[in-house]
Amino acid sequence: MGGYEHVLVQRRDDTVTITMNRPRRRNSLSEPHLRELLRAVRETAETDAAGIVLAGAGPVFSAGHDFGDVAERDLTGVRALLGTCTDLMRAMRSAPQVVLARVHGLATAAGCQLVASCDLAVAAESAGFALPGGRGGWFCHTPAVPVARSVGRKRLMEMALTGDTVDAATAREWGLVNRVVPDDDLDDAVADLLGRATRGSRASKALGKRTLYAQLDRPEDDAYALAQEVMASAAHLPGAREGMAAFLEKRPPAWPD
């Protein structure tokens, strides 16, 4: 996985770290940047990696869309840009790996959207989160989609309408991130949570992630119908059979995947 200008992709053991690398532009999301992020996620999804860490180089995680890129586009061009951004969010959700955001500094607008679209997120105490369109001229319509599904209606409305920055502790309380740690402990906390979230059968985890997202927005009866059928079928996967056998035989599992 090479040939990138705006991102860094590094693999260490079972984890691939994708780092937004436009620090002078505060990791703003131009279309070339978005396309590289999308390619990196899709290429990693095809590997045997267990986890993906999404990070940002420089003083902030991401300042959202690059207004210099947006301002020069016509309606068709802006639609294409937002379509690429949405493709990236969907790719992170559909990837079989656990995707974890490593957040420091600010994550605003589409940068906040990235955090909300990851499976998990760990933030430094210095992190801040905002949908600043509410106090500007371009409302954060698309960033609000995954944020709403993380924080709920009233909290979304406060973020979207005021545009104010939410500190890391509040973001954790609201459900936008899983952990908040001192800045110096960020990497250790990321490794700890990702390590715990990726243990076990990878095939089982990938199916579980896909099913969780599929049932979240369904009525309860529909969600149970989906989950029941998937869980019944999954009982016959090699990982499930090994997990049950290891439990019954009181031995450590030897995961086949």
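Start at 1 with the first residue, then count along the sequence. Side chains are part of it too, since the values below use all heavy atoms of this structure and drop only hydrogens, waters and symmetry mates. From a predicted model like this one, the values you see are computed outputs, not experimental measurements.
Rounding to the nearest 0.5 angstrom, the gap separating the CG atom in L37 from the CG atom in L114 is 7.0 Å. Atom-to-atom distance recorded for L29:CG and S62:OG is 4.0 Å, nearest 0.5 angstrom. Here the CG-CZ distance, from L106 to R26, works out to 6.0 Å after rounding to the nearest 0.5 Å. Interatomic distance, R73 CZ to L81 CG, rounded to the nearest 0.5 Å: 5.0 Å. Here the OG atom belonging to S30 is positioned 8.5 Å from the CZ atom belonging to R25, to the nearest 0.5 angstrom. Atom CG of D184 sits about 9.5 Å away from atom CD of E125, to the nearest 0.5 Å.
Taking hydrophobic clusters as Ile, Leu, Val, Met, Phe, Trp and Tyr residues chained together by side-chain heavy-atom distances below 4.5 Å, V7 does not share a cluster with V190. In the hydrophobic clustering of this structure, V180 groups with V147; members are Ile, Leu, Val, Met, Phe, Trp, Tyr whose side-chain heavy atoms approach within less than 4.5 Å, directly or through other members. By the criterion of side-chain heavy atoms lying less than 4.5 angstrom apart, applied directly or through intervening Ile, Leu, Val, Met, Phe, Trp or Tyr residues, M92 is grouped together with V9 in one hydrophobic cluster. Under the 4.5 Å side-chain contact rule for hydrophobic residues, V145 and V70 do not share a cluster. Under a hydrophobic clustering in which Ile, Leu, Val, Met, Phe, Trp and Tyr are joined whenever their side-chain heavy atoms come within less than 4.5 Å, directly or via other members, L82 and V41 fall into the same cluster.
No side-chain donor-acceptor contact under 3.5 Å links T19 to the backbone of N21. Of the possible donor and acceptor atoms, one in the side chain of S94 sits under 3.5 Å from a partner among the backbone N and O of R90. Listed for the N27 side chain is a donor-acceptor partner under 3.5 Å among the backbone atoms of R22. With hydrogens and angles ignored, the 3.5 Å screen pairs no side-chain donor or acceptor of T47 with any backbone N or O of E43. A donor-acceptor pair under 3.5 Å links the side-chain atoms of E36 to the main chain of E5, judged by distance alone. Between the side chain of R135 and the backbone N or O of P132, no donor-acceptor pair lies under 3.5 Å. Between the side chain of R93 and the main chain of M89, no donor-acceptor pair closer than 3.5 Å is present. Side chain of D69 to backbone of E31: a donor-acceptor contact under 3.5 angstrom is found. For the pair D167 (side chain) and A127 (backbone), a donor-acceptor distance under 3.5 Å is absent. Of the possible polar contacts, none joining the Q97 side chain to the A50 backbone as a donor-acceptor pair under 3.5 Å is found.
H6 is not listed as a side-chain neighbour of L34, based on a closest heavy-atom distance of 4.5 Å or more. Contact of the T15 side chain with the T17 side chain is registered, since non-hydrogen atoms from C-beta on lie closer than 4.5 Å. Inter-residue side-chain proximity for P143 and C112 is flagged as unmet; no heavy-atom pair is nearer than 4.5 Å. F129 is listed as a side-chain neighbour of V103, based on a closest heavy-atom distance under 4.5 Å. Using a 4.5 Å heavy-atom threshold, the side chains of S233 and V230 count as separate. Contact annotation: the side chain of S201 never approaches that of L237 to less than 4.5 Å [non-hydrogen atoms, C-beta and beyond]. Taking the side chain as every heavy atom from C-beta outward, C85 and T142 never approach each other to under 4.5 Å. No side-chain heavy atom of D164 sits less than 4.5 Å from a side-chain heavy atom of M159.
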Go through the steps for R11 and D48 under the test salt bridge (charged side-chain N to carboxylate O under 4.0 Å, His left out), then give the verdict.
CA-CA 11 Å; R11 177 162 181 168; D48 63 351; 2.8 Å; yes

Apply side chain to side chain contact (heavy atoms under 4.5 Å, CB included) to F61 and L54, showing your working.
CA-CA 9 Å; F61 179 76; L54 180 64; 4.1 Å; yes

Could you walk me through whether E229 and Y224 satisfy the side chain to side chain contact (heavy atoms under 4.5 Å, CB included) test, starting with their C-alpha distance in whole Å, then the side-chain angles of each, then the deciding distance to 0.1 Å, before giving a yes or no?
CA-CA 8 Å; E229 182 57 32; Y224 267 122; over 6 Å; no

H65 and W138: CA distance, side-chain angles, deciding distance, side chain to side chain contact (heavy atoms under 4.5 Å, CB included) verdict:
CA-CA 11 Å; H65 286 297; W138 195 32; 4.2 Å; yes

Tell me, with the steps shown, if E242 and R251 meet salt bridge (charged side-chain N to carboxylate O under 4.0 Å, His left out).
CA-CA 10 Å; E242 169 59 15; R251 60 171 175 80; 2.7 Å; yes

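For L156 against A148, the heavy-atom pair with the smallest separation is CD2-CB, 3.4 Å. Among all heavy-atom pairs drawn from P96 and A45, the shortest one is CG-O, 3.6 Å. Among all heavy-atom pairs drawn from P256 and G239, the shortest one is CG-N, 3.8 Å. For the residue pair I18 and I52, the shortest heavy atom distance occurs at CD1-CG2, 3.9 Å. In terms of heavy-atom proximity, D66 sits nearest to S28 at OD2-OG, 3.4 Å. Heavy-atom minimum distance, L176 versus A121: O-CB, 4.1 Å.
A cation-pi contact links R39 to Y4, judged by a cut-off of 6.0 Å to the six-membered ring centre and 45° from its axis.
Around CG of D74, the count of heavy atoms belonging to other residues, nucleotides or ligands within 6.0 Å exceeds 12. Surrounding CD of E220 are at most 12 heavy atoms belonging to other residues, nucleotides or ligands under 6.0 Å away. M244 CE: more than 12 foreign heavy atoms inside a 6.0 Å radius.
Scanning for side-chain hydrogen bond (donor to acceptor under 3.5 Å, both in side chains) contacts around D119 gives K209, Y213, with sequence neighbours left out.
Among L100, V122, L186, the single residue meeting the side-chain contact (heavy atoms from CB on, under 4.5 Å) criterion with R179 is V122.
Contacts classified as side chain to side chain donor-acceptor pair (under 3.5 Å) and involving residues 103-114 (residues at least two apart or in different chains) are not found.
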